[in-house]
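Only one structure is covered here, and it is reproduced in the block below.
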Amino acid sequence: MFSKLFQVWKTPDLRKNVIFVLAMLVVFRLAAHIPIPGVDPENLRQFFASNQILGLLNVFSGGTMESFSVVALGVSPYITASIIFQLLAMIIPRLEEMQKEGQAGQERINQYTRMATVPLAFLQAYGMIALLRQAPRPVLGDLDAFGIATILTIMTAGTVFLMWIGELISEKKIGNGISLLIFAGIIAGLPSTVQQALVSFDPSQVLTWAAFAAIALVTIAGVVVISEGQRNVPVIYAKRMRGTRLSGGAETFLPLRVNMAGVIPIIFAISIILFPPMIAQFFIQAKTEAVARFAQATIAFFQDQTIYGILYFLMVMGFTYFYTAVIFHPEQVAENLQKQGGFIPGIRPGRPTAEHLMRTLNRITPAAAIFLAVIAVLPLVAQNVTGSQTLAIGGTSLLIVVSVVIETVNQ
C-alpha cells in the first residue's frame, strides 16, 4: 500500500490534484467552525443530542448542523435537488432525452440541479430556524425579520459555496467531491467520539468494547463485499464486416452491481421518517387542544425506538428496490446491446434480454436491500443491547466512509 502511495506522490500532476483536494477539504472544515452570530452552542448541542433523527441528518450535512455554522446545511439541498431531477427524468420525456444525450445532456441537467439547490437551501434553512425555535432551551435569540433574512442568506450562500467546492474536487478526478465533503465531516467528528469513549471507559466493559470492535470489523468487511460485489452477465458480440475487415466477435460481460442504490435509500427513509415529527413540532403549542394532543402523540409515536426501528428497516428496504428501478433500465440496456450486435448466450435479443436482466437483478437486489436496512438500524440495536450511547456504531457513517474510500482508490 505504501509503495502505491509513494508512486502517487511521485507523479507531478496527480500530486498537485491530491494537494488541491486536501486544501479544499481544509477550507470546508474551516468554514464549518465559523458560527452564525446569535446562537447558543451549548443549548444547540443538547438539542441535537436529544434527537437521534437530527443526529442522522447531521451526518449527511458533514457534521455542520450541530455547530450551526455558515455551512450548517452542508450539501443536503444539492443532494435533494439531484434526487428530484433523477425522479423527474422518469416522468418528463424532455429530461429523459437529455440523459440519453451523453455528456452535453448531463451538463444541462447538472445546471438545472444547481439552480434548484438555491430555493431548496432557502426553504431548508427556514425550516431549520423554525425547528430550533421549538427547542426546550432557547438556541436562537430574539430575531426580527431582518435577522431571519440575514441567517437565511448566509446559510444558502454556504450551501452554494460547498456545492462549488465539491465540483472543483470532482474535476480533479480524485473521487466524487460531494461524497468527499460528507466523508470529511464524518472523519472530523471521529477524534471527539474517541475522546468521549476514553473518558467514560470502564474496565469492566472490556468485553463490550471487544464486541463493538468485532462488529465494526465485520460491518466494514460487509460494506466492502456489498459495495464491490457484482453479477457478471456474459455477453457475446457478433462478428461484423467493416469494409474489407472482419471485426467483433468478442466475449465480455455486463456487470450488475449488487448495491446499485448506494446510500440513497437511507437518505430517502430518513427524509420520510423526519417529516411527520418535524411538522408536528410546529403544532405543539397550538391553541386548539386536539391539535396539540395529536402533535404530541405523533412525536411520541416516532420517538418509540421499536416503532422507529421497524419503520426505518422497512423503508430502507422498499426504497432500495425503488431507487434501483429508477437508475437501471433493462429495456434500454437490451436495446443498446442489440444495436451494438451483442447478445446474452441462450437469450434472444430485445424483450427476452430485458426480462432476463430484470430476473437477474431481482435475485441480487434483496441482498443489497437487507444489507442496507441492517446497516441503518445497527446503531439502534447496539444501543438497546449494550445500553451504551458512546460506543454506538454508526452503520450509515461506516457505509459512507468505506464507499467513498473505495471510490477514491479506484479513481
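One-based numbering along the sequence shown.
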> Can the ring centres of Tyr312 and Tyr308 be said to be less than 6.0 Å apart?
Replying inline: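 Yes: the rings meet the under 6.0 Å criterion.
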
>> Taking the basic N atoms (NZ, or NE/NH1/NH2) and the acidic carboxylate oxygens, is any pair closer than 4.0 Å for Glu167 and Arg114?
In response: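 A salt bridge links Glu167 with Arg114.
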
Side chains of [X] and [Y]: closer than 4.5 Å at any heavy-atom pair?
X: Leu357; Y: Ile344; value: yes
X: Glu228; Y: Arg257; value: yes
X: Leu254; Y: Asn232; value: no
X: Tyr321; Y: Pro366; value: yes
X: Ile236; Y: Thr252; value: no
X: Ile84; Y: Thr80; value: yes
X: Val27; Y: Phe161; value: yes
X: Thr320; Y: Phe371; value: no

> What's the verdict on side-chain contact (heavy atoms from CB on, under 4.5 Å) for Ile174 and Ile169, showing C-alpha distance, side-chain angles and the deciding distance?
Replying inline: CA-CA 7 Å; Ile174 309 290; Ile169 293 175; 5.7 Å; no

Please report the shortest heavy-atom distance between [X] and [Y], naming the atom on each side.
X: Ala81; Y: Thr117; answer: CB-OG1, 3.8 Å
X: Ala334; Y: Gly350; answer: CB-O, 3.5 Å
X: Ser76; Y: Gln124; answer: OG-NE2, 2.9 Å
X: Ile364; Y: Val258; answer: O-CG1, 3.9 Å
X: Ala31; Y: Ser69; answer: O-CB, 3.7 Å
X: Thr353; Y: Pro349; answer: OG1-CA, 3.4 Å

To the nearest 0.5 Å, tell me how far [X] [atom1] sits from [Y] [atom2].
X: Thr324; Y: Asn259; atom1: OG1; atom2: CG; value: 7.5 Å
X: Met260; Y: Leu361; atom1: CE; atom2: CG; value: 5.0 Å
X: Thr150; Y: Ile36; atom1: OG1; atom2: CD1; value: 10.5 Å
X: Met98; Y: Ile92; atom1: CE; atom2: CD1; value: 9.5 Å
X: Phe20; Y: Leu25; atom1: CZ; atom2: CG; value: 10.0 Å
X: Leu73; Y: Leu123; atom1: CG; atom2: CG; value: 11.0 Å

> Does the pair Gln338 and Asn336 meet the rule for a side-chain hydrogen bond (donor to acceptor under 3.5 Å, both in side chains), with working shown?
Replying inline: CA-CA 5 Å; Gln338 190 172 11; Asn336 291 337; over 6 Å; no

> Quick check: are there more than 12 heavy atoms from other residues, nucleotides or ligands sitting under 6.0 Å from CZ of Phe328?
Replying inline: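 Yes, the 6.0 Å shell around CZ holds more than 12 heavy atoms from other groups.
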
>> Looking at Arg348, I'd like to know if its CZ atom is crowded, meaning that more than 12 non-hydrogen atoms belonging to other residues, nucleotides or ligands lie closer than 6.0 Å.
In response: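 No - once you tally the heavy atoms of other residues, nucleotides and ligands closer than 6.0 Å, there are 12 at most.
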
> Do Thr159 and Val118 pass the side-chain contact (heavy atoms from CB on, under 4.5 Å) test, and can you show the C-alpha distance, the side-chain angles, and the key distance before you say yes or no?
Replying inline: CA-CA 8 Å; Thr159 294; Val118 176; over 6 Å; no

> Please walk me through it: do Ile178 and Leu162 pass side-chain contact (heavy atoms from CB on, under 4.5 Å)?
Replying inline: CA-CA 8 Å; Ile178 301 300; Leu162 291 187; over 6 Å; no

>> Phe343 vs Val235, test: side-chain contact (heavy atoms from CB on, under 4.5 Å). Steps then yes/no.
In response: CA-CA 6 Å; Phe343 63 93; Val235 176; over 6 Å; no

